[in-house]
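Quick note on labels: first sequence line is chain A, next is B, and so on, each numbered from 1.
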2 protein chains.
Amino acid sequence: MTNSRKTSFQDVRDEVIRRIQDREWPQGTLLPTEFELAEEFGCARATVNRAMRELAERGIVDRKRKSGTRVAVAPVKQAVFEIAVVRHTIEETNATYRYALVQRTLATAPDWLAAQLNLPDRARALQVKCMHYADNRPFQFENRWINVDAVPDVLEADFASLGPNEWLLERVPFTDAEIGLTSVAADASLSEFLAIPLATPVLQLDRTTWFQGQPVTYVRMSYHPGYRMSTRY
Amino acid sequence: MTNSRKTSFQDVRDEVIRRIQDREWPQGTLLPTEFELAEEFGCARATVNRAMRELAERGIVDRKRKSGTRVAVAPVKQAVFEIAVVRHTIEETNATYRYALVQRTLATAPDWLAAQLNLPDRARALQVKCMHYADNRPFQFENRWINVDAVPDVLEADFASLGPNEWLLERVPFTDAEIGLTSVAADASLSEFLAIPLATPVLQLDRTTWFQGQPVTYVRMSYHPGYRMSTRY
DNA sequence: GAGTGGTCTAGACCACCGC
DNA sequence: CGGTGGTCTAGACCACTCT
């Protein structure tokens with residue numbers, strides 16, 4: 001016997017998905033109530049609820065009390081990019097990871113950074129520039145500013161062998177982040193570190209992170225040309 | 001009185017998050033069992049389960065049968081980019097959207113496309129090039145190929161006033177998609193359409209979509225310089 | 001084998017919202 | 001007001017996996 005002793009919420013979920021995909025329930029259709037579906041599938045209402053809640057989270061259906069559940073009209077597609085530590089990204093491709101510190105400077109935060117992070121006047125920031133290599137080929141250039149007030153310990157970190165990203169993750173797990181993706185032309189510095197011609201198009205990811213409302217760090221990560229950030233959904 | 005008549009799964013979830021953020025339960029800590037937490041919070045185990053399942057989905061904790069629940073060590077942060085229809089992206093900024101068809105060509109699929117979409121030999125593909133403007137300024141250039149076998153109706157669509165993206169979404173909701181983001185230099189065609197100098201860095205999003213295993217369309221969307229794809233998490 | 005999470009049930013009450 | 005989804009409970013059995 002197959003392992004279908006009970007009607008599971010996954011059975012309900014998958015069958016509803018099938019009916020939607022097969023146009024048995026076209027866009028905008030009002031679905032049966034949870035009670036009716038529970039009867040049809042011969043299961044408890046909670047089981048149907050579990051299945052439908054998942055569909056609602058995925059944006060496949062819209063649910064409203066009293067109104068009922070409808071097949072979503074314009075499903076908002078979401079692409080989930082996993083932002084992992086660079087080292088993991090590299091090691092996943094079976095390449096050898098190498099880290100190199102380029103510069104570590106303590107200074108008062110420049111105006112634009114103070115504005116970006118909403119820092120008080122004359123706040124101190126630690127700037128860290130470093131490189132990440134895959135099989136000894138330049139993979140990513142990292143340019144980071146760390147809010148010293150938020151992470152006083154950072155003054156004792158030399159970042160000689162461990163990158164600031166991994167260092168921070170171990171100590172100050174952030175609660176909020178803002179990410180941006182742009183395309184920029186390599187300037188003189190970038191072209192040297194990434195070993196590419198001047199003005200080569202480069203994918204640049206910038207991120208600002210906060211811990212419980214306090215700004216922690218701002219970072220710009222520039223990838224080697226040809227890097228493709230990808231995902232499925 | 002506040003509406004806290006019962007211990008809700010949200011209370012449990014938020015309290016657990018607090019303890020993790022406040023380092024009461026540092027990374028790697030083994031959490032109490034569901035039964036113990038249920039006792040502590042004075043609620044049913046199912047309630048605790050609901051809360052913990054949500055944290056597991058967010059990657060905040062790792063759960064394993066028998067082993068128990070642990071605070072995730074290197075929380076894999078996920079960035080969710082909403083891939084909306086261009087028109088919505090533009091109208092959200094209160095700009096006026098304008099669409100223009102550039103080219104519509106029916107031909108046999110070129111080899112590279114056949115390979116990309118896994119099409120049979122000599123399959124027909126409809127190529128559609130078009131522009132999306134925001135307040136009459138070039139916003140995005142779209143270059144798309146549509147698998148005619150998957151969407152025969154497409155031959156009757158002229159795409160004169162409605163873009164292929166919106167047309168397809170109404171008819172062939174895809175089930176799977178693969179997305180990539182790269183940075184490219186504007187070629188001659190792109191520099192004309194986007195009104196930018198040759199070789200300007202441009203953010204390019206490419207996407208292949210399938211409907212129940214059958215390839216539907218492949219599209220490259222090139223954004224105007226300065227476009228920043230962003231999100232929070 | 002035994003401990004832990006995963007799921008299901010049957011019933012209950014509540015919250016929202018359209019009528 | 002009444003219908004629908006949202007959630008909680010108490011108990012049960014199952015499935016995975018560590019020892």
Can you find a heavy atom in the side chain of B:V86 that is under 4.5 Å from one in the side chain of B:Y99?
no

B:F211 side chain reached by B:T209 side chain, heavy atoms, under 4.5 Å
no

I want to verify a distance call: between D:dG6, C:dT9, C:dT7, whose nearest atom is closest to the A:R63 side chain?
D:dG6

What integer distance in Å separates A:F9:CZ from D:dT7:C1'?
17 Å

Test salt bridge (charged side-chain N to carboxylate O under 4.0 Å, His left out) on B:R171 and B:E156 and set out the steps.
CA-CA 13 Å; B:R171 284 166 187 74; B:E156 271 116 60; over 6 Å; no

Can you tell which of D:dT9, D:dG5, D:dT7 lies closest to the side chain of B:S8?
D:dT7

In this structure, how many angstroms lie between the C1' atom of D:dT17 and the CG atom of B:D62, rounded?
16 Å

Are A:Q127 and A:L113 packed together at the side-chain level, in the sense that at least one heavy-atom pair is separated by less than 4.5 angstrom?
no

N/O (side chain, B:Q10) to phosphate O (OP1/OP2, D:dG6) under 4.0 Å:
no

What is the distance from CD of A:E34 to C1' of C:dA15, rounded to the nearest Å?
14 Å

So, for B:R228 and A:G180, which heavy atoms are closest and what is the spacing to 0.1 Å?
NH2-CA, 3.5 Å

Can you tell me how far C1' of D:dG6 sits from CZ of B:R13, to the nearest Å?
14 Å

Under 3.5 Å, is there any donor-acceptor pair linking the side chain of B:R50 to the base of C:dG6?
no

Quick check for you: among C:dG5, D:dA10, D:dT4, whose closest atom lies nearest to any side-chain atom of B:T69?
C:dG5

Close side-chain approach of B:W145 and B:N143, heavy atoms under 4.5 Å:
yes

List, with names and distances, any nitrogen or oxygen atoms from the protein found under 3.5 Å away from nitrogen or oxygen atoms belonging to nucleotides 16-19 of chain C.
none

Provide, to the nearest angstrom, the distance between the CG atom belonging to B:L55 and the P atom belonging to C:dG5.
13 Å

Would you kindly give the CD-to-P distance between B:E54 and C:dG6, to the nearest whole Å?
14 Å

A:N49 side chain N/O closer than 4.0 Å to the phosphate oxygens (OP1, OP2) of D:dG6?
yes

How many Å lie between CG on B:L37 and P on C:dT4, as a whole number?
12 Å

Length of the CD-C1' vector between A:E39 and C:dG11, whole Å:
15 Å

Check: B:R45 side chain, C:dT7 base, donor-acceptor under 3.5 Å:
yes

To the side chain of B:T47, which of D:dT9, C:dT9, D:dG5 is closest?
D:dT9

Over 60° means perpendicular and under 30° means parallel, so classify the ring planes of B:W167 and B:F159, tilted if in between.
perpendicular

